[in-house]
Every structure is written in structure tokens, then in C-alpha cells.
Number of protein chains: 2
Amino acid sequence: MKKHKEILSRFGINKTQFRIDLLSLFFDCKSALTIHEIFERFNKKINKVTIYRALKSFEQKGLIHQVPDKNNLKKYSLCNLDTCSPDLHNHQHGHFICYSCDQTFCLDDSTVKILKTSSGHIVKNYNLILEGYCTDCNSSQTISQN
Amino acid sequence: MKKHKEILSRFGINKTQFRIDLLSLFFDCKSALTIHEIFERFNKKINKVTIYRALKSFEQKGLIHQVPDKNNLKKYSLCNLDTCSPDLHNHQHGHFICYSCDQTFCLDDSTVKILKTSSGHIVKNYNLILEGYCTDCNSSQTISQN
DNA sequence: TAGGAAAACGCAAAAGTGTTGCGTTAATTA
DNA sequence: TAATTAACGCAACACTTTTGCGTTTTCCTA
């Protein structure tokens, strides 16, 4: 896709086929990706070292960022390309993932605003994942559960 | 310290000198610890396998829990011993990771309480990571920066 | 558009992190 | 205090990530 090539140019990354495809993958994928998942998505045809180096490059240039998750896996997720750059990453991520339907919902900023003021530290970014049952799944579940 | 021995007994862990000292270390330490940090604190005199096994045991018995780390290392922090047990870990708290010193701090419950009610979904679990500058690093930074 | 510079690539090997097996030592329990 | 169980140290293994190096591809500019 032309858009992806333009982005790679804009961020100073050579437009190899793999890196174009990798960027596409990140655009297609709402949730964060592990190295292993990427390897699988490319049918194990790309050398893992190449993946590691591409991820490192993407991260350094401000295209993606690491998402530490609770299982201690290294995961990467697409940056907000309007607000991120090599110098400054700015990821105001709040997501709700439904246990039942696996959908990811974006949470609006106001949901999370409060928490940024109450710790003694200077908060530059946050990454928040809520898990549970979305409104739709919950209403259907309460019927079948009891 | 007597308190630490009692805790180990209560959680069904043998009171070896190392495990007593390890528990003391967790009590003394505000932020989360890596295996490497523990190894250093014991002046490299304890076999790393022993540390790994002690941490695993502590975690399984409900004394400590894993916390996220920017560099993808395993970090551990003391549980709230009143609410955690082998059966039930109850860590409803976020973590703060400092850009500057890489330390991970646990945030108390009140920080996050608000967000759980304000979305329309049923929240069963959450994973929150704040990033920025911890109080220590921030104060030293503002002096040297300008 | 040709040709040199820089970036990206694959392979092999190394470094780093965490686990397992096993024989020995220390702690618990009765 | 003797038997049982947990913890320990060492060696080896498994898995993840990085590094070195020679080759290939992309980029840039004349």
C-alpha cells in the first residue's frame, strides 16, 4: 500500500518488501504483537534476526513502541504517528478487551485522566488495558449464567 | 528479624538464612527487584538458581508477585500480605516505570479505582503501566536540566 | 540511470535469561 | 535424633535476543 511506503520514507526507513509488509501488519493488528506472532504471520520465512532488527529500527524511529504486558512478553504496538517521533513517544493508550468476544475498545481520554495526577511521579505516558466483559457480552451473559 | 521468620512459616516456606534475608530485602526495597539486583545485593555469593527457585516459591506461596519491566526482565515486588495467598493473588494496582532509573514502583489501589467505574464495561482485571520520571529522578533532573 | 554509500538481509555464533536434573546439605516434624 | 521434606549448588539445557560479517538491496546524486 502506498501509504505505508510513504510512512517508511517519512521516518527514514528503507522500503524493503519485508518492512512494508511488517508495517501493514501493525496497521491491520489492533492489539500488540510479539516477535513470535510476527514470525508466524510471515510463515517463518523471515529470519528472526531480521525481525528483531526491523522492530528495533521501527522503535528507534518512532513508528512502534514496546508494550510491557502482564505476562512479561515483549510486545510491540503501532505509535500514534501524528504525535510520535524519534525524540518523543506519546502513547495515550487506554483499551478495553472483552474476554468473551475478543474485541478491543478504545477508552476515551477522560476515563483515565484522573489517575495521572494522584501519584507522586511525573507521568509522561500510560498504557492501560482493562479486561472483562463488554456491555453487549455482559447483557447476553447474565441471561445464560443464572 | 523475627517478623520475617514468622511470615515464612505462615506461608509454608522453610526458614533458611538466605530466604530470611531475601524477604528482608523485599521489605527494605520500595521498588521491584530483578534477579540480577538480588544477586548483586548478596555479593554474588548465592547461586542464581537458588534465587530463581526462591522467587518462584515466594510467588507461588503468595509472598511476592511479578511486575512489568521496561527491559523485559522479570521483576518481583512484595505482595500485600493481608490480601494475597497461594490461592488468590490480589494485585489491583498499577505500576510506574521511571524513564530515567528504570525502576518499577507499585501504585496504590486508590490511584486506579476511579477508572474501573467510569467505563460501560464490566472490568474483571486491568493492567496499567505509567511511565515518566519518578520523584527522585525528577528532582535531580530539574536541577541539572536548566 | 549508473555507481558508490548506506541500510537491510541471512547465517553462524555468542550473550543473556530462565529452567531442569541430580546428588548433597539443611530444616522440619514426630 | 532419625526420617522426611525442602532448599541448595553445580552442570547442563532451552529459549530469547544480540553481534559479527559477508552479501544483497535500496537510496541518493552526479
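Just so it is clear: chains get the letters A, B, ... in the order the sequence lines come, proteins before strands, and each one is counted from 1. None of these values were measured; they are calculated from a predicted model.
- Residue A/Asn47 has no polar side-chain atom (N or O) positioned under 4.0 Å from OP1 or OP2 of C/dC9.
- Whole-Å rounding puts the B/Asp69 CG to C/dG16 C1' distance at 14 Å.
- Of the N and O atoms on the side chains of B/His95 and B/Thr104, not one donor lies less than 3.5 Å from an acceptor on the other residue.
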Would A/Tyr76 and A/Phe58 count as a side-chain contact (heavy atoms from CB on, under 4.5 Å) here? Give the steps. CA-CA 10 Å; A/Tyr76 290 90; A/Phe58 279 21; over 6 Å; no
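- Remark: P of C/dA7 and NZ of A/Lys56 are 15 Å apart, rounded to the nearest angstrom.
- We find that CD1 of A/Ile13 is positioned 11 Å from C1' of C/dA7, with the value rounded to whole Å.
- Here the P atom of nucleotide C/dA8 and the CD1 atom of A/Ile51 are 15 Å apart, to the nearest Å.
- Residue B/Arg19 has no polar side-chain atom (N or O) positioned under 4.0 Å from OP1 or OP2 of D/dA6.
- Of the side-chain N and O atoms in B/Thr50, one or more sit less than 4.0 angstrom from OP1 or OP2 of D/dG9.
- A straight line from CZ of A/Phe42 to P of C/dG10 spans 11 Å, rounded to a whole angstrom.
- Position along DNA chain C of the nearest nucleotide to B/Lys15 versus B/Ile35 favours B/Ile35 as the more 5'-ward residue.
- Using modelled atom types and a 3.5 Å distance limit, the side chains of B/Lys74 and B/Thr34 yield no donor-acceptor pair.
- The nearest heavy atom of DNA chain D to B/Asn14 and to B/Val49 marks one nucleotide each, and the one closer to the 5' end goes with B/Asn14.
- Side-chain contact between B/Cys134 and B/Ser100 is absent, with no heavy atoms from C-beta onward closer than 4.5 Å.
- As judged by a 4.0 angstrom heavy-atom cut-off over every strand, A/Lys48 is placed among residues making no nucleic acid contact.
- Applying the 4.0 Å criterion to OP1 and OP2 of D/dT16, one finds that B/Lys74 has every side-chain N and O outside that range.
- Looking at the side chain of A/Thr16, the nearest of the listed nucleotides D/dT26, D/dC8, D/dC10 is D/dT26.
- The separation between B/Ile20 atom CD1 and D/dA6 atom P is 18 Å, rounded to whole Å.
- Considering only heavy atoms from C-beta on, A/Gln66 comes within 4.5 Å of A/Glu59 through its side chain.
- The interatomic distance linking B/Gln17 (CD) with D/dA7 (P) rounds to 15 Å, in whole Å.
- Below the 3.5 angstrom threshold, one finds no donor paired with an acceptor across the side chain of B/Arg53 and the base of C/dG18.
- Rounded to whole Å, atom P of C/dA26 lies 19 Å from atom CG of B/Leu8.
- Taking the side chain of A/Tyr52 as heavy atoms from C-beta on, and the options C/dT20, D/dC8, D/dT16, the nearest nucleotide is D/dT16.
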